[in-house]
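Note sheet for the following structure.
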Amino acid sequence: MTPLEHAAYALNWQADHQRRVAVICDALTDYLANKTGGPDGSDAEMCSGVALFLSAYIRHGADVAAEDAKHAEAGA
């Protein structure tokens, strides 16, 4: 794989990763907005779990992007 192909692959992976994050955020927002009677205590627990998951998932994406940047710098 050429450096340009590797960069394109890495950027595409990062874009897909961010789209997944956005879909989860949209689903959570939609769920809370359409909840009959408004959110309750169990919703707060669920939201905190989703936020914890997203934090780890976003951190993973940042780690992958940093590793891709290191490879790109080494190949330049």
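For clarity, every value in this text was computed on a predicted model and none was experimentally measured.
- A donor-acceptor pair shorter than 3.5 Å cannot be found between the side chains of Tyr9 and Asp68.
- Summarising the geometry, atom CZ belonging to Phe53 is positioned 4.5 Å from atom CD1 belonging to Ile24; distances are rounded to the nearest 0.5 Å.
- Going from atom CD of Gln18 over to atom SG of Cys25 covers 9.5 Å, rounded to the nearest 0.5 Å.
- With hydrogens and angles ignored, the 3.5 Å screen pairs no side-chain donor or acceptor of Asn12 with any backbone N or O of Ala8.
- The side-chain heavy atoms of Val50 and Leu54, taken from C-beta on, include a pair separated by under 4.5 Å.
- By the 30° and 60° cut-offs, the orientation of the rings of Tyr57 relative to His17 is parallel.
- Taking 4.5 Å as the limit, every side-chain heavy atom of Gln14 sits out of range of all side-chain heavy atoms of Val64.
- The CG atom of Leu11 sits 9.5 Å away from the NE2 atom of His6 when rounded to the nearest 0.5 Å.
- Side chain of Asp43 to main chain of Asp40: a donor-acceptor pair is present (N/O by atom type, distance under 3.5 Å, no hydrogens or angles).
- The main-chain N or O of Thr2 is found under 3.5 Å from a side-chain atom of Glu5 such that the two form a donor-acceptor pair.
- Under the 4.5 Å side-chain heavy-atom criterion for ILVMFWY residues, a single connected hydrophobic cluster contains both Met46 and Val21.
- A donor-acceptor pair under 3.5 Å is absent between the side-chain atoms of Ser55 and the main chain of Ala51, judged by distance alone.
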